[in-house]
Amino acid sequence: MIRMVGVDKFFGPLHVLKGVDLEVPKGQVVVVLGPSGSGKSTLCRTINRLEPINSGSIEVDGQPLPAEGKDLARLRADVGMVFQSFNLFAHKSIVENVSLAPVKVRKVAASQARKEAMELLERVGIANQAEKFPAQLSGGQQQRAAIARALAMRPKVMLFDEPTSALDPEMVQEVLDVMTTLAKEGMTMLVVTHEMGFARKAADRVIFMADGEVVEDSTPEAFFSAPKSNRAKDFLGKIL
Ligand code: ADP
Ligand code: MG
């Protein structure tokens with residue numbers, strides 16, 4: 001579903017992704033770990049082309065990433081992304097937040113989009129918040145709305161970049177529960193997170209990044225019980 005081959009990304013002189021190779025088969029859940037500044041967010045952002053790459057190639061579902069135009073809109077629909085900051089439209093209700101893009105991009109009729117949006121809000125457990133504005137919801141509810149909004153585009157892949165890092169501790173689990181359900185339903189997911197419980201339980205694979213490189217690529221069991229590199233040992237020593 002995702003194939004990255006020899007991907008290099010520079011910010012000016014800064015070499016942020018260094019020849020990254022990564023394949024994620026359909027239905028797999030991959031957790032990306034690594035210290036701050038190792039390139040995890042940039043990796044996510046290259047996959048839906050929020051960041052262009054300098055060399056190498058990226059395919060999503062067998063299609064090379066388009067550079068621009070209509071094809072780019074289709075890619076963005078195929079690759080859902082959820083950020084640390086929920087990025088909901090502040091002046092739109094929750095149900096409008098979820099139904100807006102399907103109407104605009106997928107050309108779904110407004111009534112149908114609303115119906116689908118309500119079903120998604122039901123799935124993430126906040127149907128009763130549908131008519132409220134984002135600021136009236138808790139952080140955990142807002143992030144679940146953001147997940148519903150991404151799912152409304154019927155993506156083939158979901159990217160999560162530290163989706164629980166901005167939440168109060170008591171709201172982390174409700175968001176992880178939604179993500180775990182999504183994983184069990186077979187969604188292909190790339191998840192940057194510091195939630196080790198989620199990595200152990202929901203991940204098929206753990207990728208450890210350091211300095212723009214994929215340093216380890218293994219099962220959660222292997223990674224947590226016997227990390228191979230000193231950088232991973234050092235990282236785990238600091239967070240566990
Ligand atoms: P992570 O998500 O692992 O913390 P990032 O992908 O955000 O790492 O950043 C990797 C490196 O790229 C860092 O050194 C960061 O400062 C730098 N970087 C990220 N975005 C930009 C940008 N838009 N312009 C310049 N440098 C950036
Ligand atoms: Mg980041």
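Every number for a ligand or one of its atoms is a count from 1 in the order of the listing.
Distances below 4.0 Å separate heavy atoms of Thr42 from the following atoms of ligand 1: 5 (P), 6 (O), 9 (O).
Contacts between Leu14 and ligand 1, counted as non-hydrogen atom pairs separated by less than 4.0 Å, involve the side chain only. Under 4.0 angstrom from ligand 1, the non-hydrogen atoms of Val16 all belong to its side chain.
Closest approach of Pro134 to Phe89, counting heavy atoms only: CG-O, 3.4 Å. Between Gly19 and Asp8, the closest heavy-atom pair is N-OD1, 3.1 Å.
Relative to the six-membered ring of Phe235, Lys238 misses at least one condition, a distance below 6.0 Å or an angle of at most 45° to the axis.
Summary of contacts: the protein heavy atom closest to atom 3 (O) of ligand 1 is Lys40 NZ, 2.7 Å. Of the protein's heavy atoms, Gly39 N, 3.2 Å lies nearest to atom 8 (O) of ligand 1. Protein heavy atom closest to atom 27 (C) of ligand 1, with residue, atom name and distance, is Phe11 CD1, 3.2 Å.
Residues Thr164 and Leu176 meet the side-chain proximity criterion, which asks for heavy atoms closer than 4.5 Å.
No side-chain donor from either of Glu51 and Thr46 sits under 3.5 Å from a side-chain acceptor of the other.
At least one N/O/S atom of Ser41, from backbone or side chain, sits under 2.8 Å from the Mg ion (ligand 2).
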### Task
Take Phe11 and Asn54 through the side chain to side chain contact (heavy atoms under 4.5 Å, CB included) test and state the conclusion after the steps.
CA-CA 10 Å; Phe11 286 115; Asn54 295 93; over 6 Å; no
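For atom 13 (C) of ligand 1, the nearest non-hydrogen atom from the set Ser41, Gly37, Gly12, Pro35 belongs to Gly37.
In this structure, Arg154 pairs ionically with Glu116, as a charged nitrogen and a carboxylate oxygen lie closer than 4.0 Å.
For atom 16 (O) of ligand 1, the nearest protein heavy atom is 4.0 Å or more away.
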